[in-house]
Amino acid sequence: MNRREFVTGSLAAAALLPRSSHAEAPPVDSDISFTTSDAHYQARYQSALDTLAANTVELTGVPGPVLIEGSEYRGIWLECAPQEGLVYSLIRRDIARNNHMAFFKLQREDGQIPCNMRSGAISLSQIQMVVPIAATALELAQQTQDEELLSTAYEACSRWDAWLRKYRDTRKTGLCEGFCTWDIGHDNSPRWAGMPNACPDHDARKCPPNPSLPRLCPDLSATVYGGRMALASMAQTLGKGAESARWLEEAESIRKAILARLYDSATTCFYDLDAQNKFVRVRGDLLTRVLGEHVVDEALFQTIYDRQIHNPKSFWAPYPLPSIALDDPTFVRPIPRNSWGGASQALTALRAPRWMEHYNKPADLAHLMQQWIAALLRAPDFRQQMDPMTGEFTESGSPGYSPAALVFLDFTWRLAGVRQLDDDYMEWNIRPGSIVSNAAFLLRLSPDLTAEIKYVGNTAELRLNNRLVYSTTGTVRLLTTHEGVLLNLQGISSTSSAVQLQPPHGKAHVYSIKPDQMITLRVLD
């Protein structure tokens, strides 16, 4: 069976004490390998691997080792751990699975999924979700052909959706409500200034007594929408056609409600709507979270992108993306530690490919990734956040932060490496002489197939099982089949790029490709 066929509060305080600082795991059998003659880059890449290995720990009561957040965050959080595991899957598939199954195994009988599991506690005091665990579980199950994970995720995420309907729609709007600051994971943000961090009695079912609460939240509602879209795909794969249709209908219902009630066309931005039906007019990272679940169509996206995201006065800072718009009066300076009041956060960067690729912005995504790579190369270690204007990481934060290490690994491969899209297609991102020199990216696609890019000077060689498929110059993305048949080219540079493709036999082909432009090809001679 190929992947295409597969797809059609605190509780138990002593239950999660870490058994060891490093998990006792079998030797890592990574599906990727990267080498470069740039000694500094190679050292930083290895440091990222070492950081992630050090943050792979066992927690009592959790099945198998997990990748924790790192730094001072000694646990896993629902808003980010599943996606972090997914990004780490090419190095540790077992960790990627565990970072999902841990939440499913510890789900309460009423359907509530813990918001985090730390050294010494399971927390139920907020919902704290961003990237839907249903979406990352589906993608991981597709990658690994894991039917057990798919079935478990479908059951667990269906029950979680029901819990959210029951306890987080008290105003009966069909949207998802925020009760406390930690629900949204925007610690120390002006978005929720003056609001309580957690729910009363550490119980996410209870809304604090505050005249501004509960709030209708665009990002929490978008997460519900993305989860329902994933549930629809899961149901279809599991042969539950009627349930799939129901999930699609309910996803569309919440999507329409988000657009109707939480979007302000005058400022082209989404906002929380408080209990007095007033917008909380702080332009912040929640905007990208709505985009992350593809709530808006192409036309509305472009409007938001032009006026907000790609506006250098707002979110398109020298080191994108700030957690509060640069020109928003609530932007917090000087930047304190753990601040979603303006700092560019590694978590936001790690999530950016989920929506920038969907809305066909690979060239701007490449710029964002290059800026983060440049900042991380200058930094002595991996920390949570940086100044969006200078790229300097907050010194008061602790090192060893997993999302920053994952940003370095993931962006290295997305900028200049080869990536598998599914069982039929591969994406080759060619960027000679830019972030790396004389480098080699090797990806194991199966026990019998490897794909490799070798950079020598200004030329890149594309190889399958060490067989030369193409030699190329210029910055470009190529889409091929697993047999090396070239299907299209796409511009991934901020300027037009001159590209020459040379098959092993036959004539060279020359193209000029603009940013984001796609050229569909017939098979080259």
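- Two residues are said to be in side-chain contact when any heavy atoms from C-beta on lie closer than 4.5 Å; Q385 and S344 fail this criterion.
- Annotation: ring pair (Phe, Tyr, Trp, His ring centres under 6.0 Å) contacts of W192 (sequence neighbours excluded): none.
- Using a 4.5 Å heavy-atom cutoff, the side chains of L326 and S314 are not in contact.
- Side-chain atoms of Q107 come within 3.5 Å of backbone N or O of G111 as a donor-acceptor pair.
- At a cut-off of 3.5 Å, with distance as the only test, a side-chain donor of N277 or R171 sits close to an acceptor on the other residue.
- For H358, the ring pair (Phe, Tyr, Trp, His ring centres under 6.0 Å) partners are H294, not counting sequence neighbours.
- Two residues are said to be in side-chain contact when any heavy atoms from C-beta on lie closer than 4.5 Å; P336 and N188 fail this criterion.
- Residue W372 comes nearest to L321 through the heavy atom pair NE1-N, 4.4 Å, listed as atom of the first residue, atom of the second, then distance.
- Classification of D410 and R419 as a salt-bridged pair fails, no side-chain N sitting under 4.0 Å from a carboxylate O.
- Salt-bridge check for E427 with R414: failed, with every basic side-chain N at 4.0 Å or more from each acidic carboxylate O.
- Taking CE from M234 and CG from L149, the interatomic distance works out to 7.5 Å, rounded to the nearest 0.5 Å.
- Residues passing the ring pair (Phe, Tyr, Trp, His ring centres under 6.0 Å) test with F179: none are found, sequence neighbours excluded.
- Of the possible polar contacts, none joining the D306 side chain to the H310 backbone as a donor-acceptor pair under 3.5 Å is found.
- Under the 3.5 Å distance criterion, the side-chain polar atoms of S398 are left unmatched by any main-chain donor or acceptor of S71.
- Residues L140 and Q143 are in side-chain contact: their nearest non-hydrogen atoms beyond the backbone lie under 4.5 Å apart.
- L291 has its side chain within reach of V296: a pair of non-hydrogen atoms, C-beta onward, lies under 4.5 Å apart.
- When all heavy atoms of F103 and A81 are compared, the closest pair comes out as CE1-CB, 4.1 Å.
- Summarising the geometry, atom CD1 belonging to I122 is positioned 10.0 Å from atom CG belonging to L59; distances are rounded to the nearest 0.5 Å.
- For R168, the salt bridge (Lys or Arg N to Asp or Glu O under 4.0 Å) partners at least two apart in sequence or on another chain are D183.
- Remark: side-chain polar atoms of S339 are paired, donor with acceptor, to backbone N or O of G341 under 3.5 angstrom.
- One finds the CG atom of L67 at 12.0 Å from the CG atom of L86 (value rounded to the nearest 0.5 Å).
- A donor-acceptor contact closer than 3.5 angstrom links the side chains of D328 and T330.
- Remark: D50 pairs with Q46 by the side-chain contact (heavy atoms from CB on, under 4.5 Å) rule, at least two apart or across chains.
- No more than 12 heavy atoms of other residues, nucleotides or ligands shown are found within 6.0 angstrom of CD on E249.
- Every residue two or more places apart in sequence or in another chain that forms a side-chain contact (heavy atoms from CB on, under 4.5 Å) with Q276 is listed here: P211, D274, K278.
- For the residue pair N55/S402, the side-chain donor-acceptor check at 3.5 Å is satisfied.
- Taking 4.5 Å as the limit, every side-chain heavy atom of C180 sits out of range of all side-chain heavy atoms of N197.
- Between I373 atom CD1 and R378 atom CZ the span is 11.5 Å, to the nearest 0.5 Å.
- In this structure a side-chain-to-backbone donor-acceptor pair under 3.5 Å is present from R255 to V295.
- The side-chain contact (heavy atoms from CB on, under 4.5 Å) check on A405 picks up A48, T51, L52, F382, with sequence neighbours excluded.
- Considering only residues two or more places apart in sequence or on other chains, R246 meets the salt bridge (Lys or Arg N to Asp or Glu O under 4.0 Å) condition with E250.
- A salt bridge links E72 with R337: the closest approach of a Lys/Arg side-chain nitrogen to an acidic carboxylate oxygen falls below 4.0 angstrom.
- A donor-acceptor pair under 3.5 Å is absent between the side-chain atoms of E392 and the main chain of M386, judged by distance alone.
- Considering only residues two or more places apart in sequence or on other chains, D264 meets the side-chain contact (heavy atoms from CB on, under 4.5 Å) condition with A266, T267, Y271, F279, R281.
- A distance-only check finds no donor-acceptor pair linking the side chain of D187 to the backbone of N338 [under 3.5 Å].
- A distance below 6.0 Å separates the ring centres of H367 and W316.
- Here the straight-line distance linking atom CG of D364 with atom NZ of K361 works out to 6.5 Å at 0.5 Å rounding.
- The aromatic rings of W163 and W160 sit parallel, their planes meeting at an angle under 30°, below the 60° perpendicular limit.
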Can I184 and D219 be said to form a side chain to side chain contact (heavy atoms under 4.5 Å, CB included), step by step?
CA-CA 8 Å; I184 56 175; D219 47 352; 4.1 Å; yes
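- Side-chain contact between L216 and D272 is absent, with no heavy-atom pair separated by less than 4.5 Å.
- A pairwise comparison of heavy atoms in L231 and S158 identifies CD2-OG, 3.7 Å as the closest pair.
- Residues R261 and L175 meet the side-chain proximity criterion, which asks for heavy atoms closer than 4.5 Å.
- Here ring pair (Phe, Tyr, Trp, His ring centres under 6.0 Å) pairs that include residues 318-355, with residues two or more places apart or in two chains, are H186-W340.
- Summarising the geometry of I91 relative to L409, their closest heavy-atom pair is CD1-CD1, 3.9 Å, with the distance given to 0.1 Å.
- Residues R215 and S212 have side chains that bring a donor and an acceptor to within less than 3.5 angstrom of each other.
- Taking OG1 of T303 as the reference point, atom CD of Q308 lies at 11.0 Å (rounded to 0.5 Å).
- A donor-acceptor contact closer than 3.5 angstrom is absent between the side chains of Q345 and D285.
- Side-chain contact check for E177 and Y167: no donor-acceptor pair (N or O, by modelled atom type) lies under 3.5 Å.
- Between A317 and P322 the shortest heavy-atom distance is CB-CD, 4.1 Å.
- Considering every non-hydrogen atom in both A135 and R354, the closest pair reads CB-NH2, 4.2 Å.
- For the residue pair D516 and N360, no side-chain donor N or O sits within less than 3.5 Å of a side-chain acceptor on the partner.
- For the pair E148 and R97, the salt-bridge criterion is met [side-chain N within less than 4.0 Å of a carboxylate O].
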Chi angles and distances behind the side chain to side chain contact (heavy atoms under 4.5 Å, CB included) call for C80, V130:
CA-CA 7 Å; C80 46; V130 181; over 6 Å; no
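- Counting heavy-atom neighbours within 6.0 Å of M229 CE, excluding the residue itself, gives a total of 12 or less.
- A side chain to side chain donor-acceptor pair (under 3.5 Å) check over residues 220-231, counting only residues at least two apart or in different chains, returns the pairs D161-R228.
- Residues forming a ring pair (Phe, Tyr, Trp, His ring centres under 6.0 Å) with F301 (at least two apart in sequence, or on another chain): Y305, Y359.
- The closest donor-acceptor contact from the side chain of E84 to the backbone of A96 lies at 3.5 Å or more, if one exists at all.
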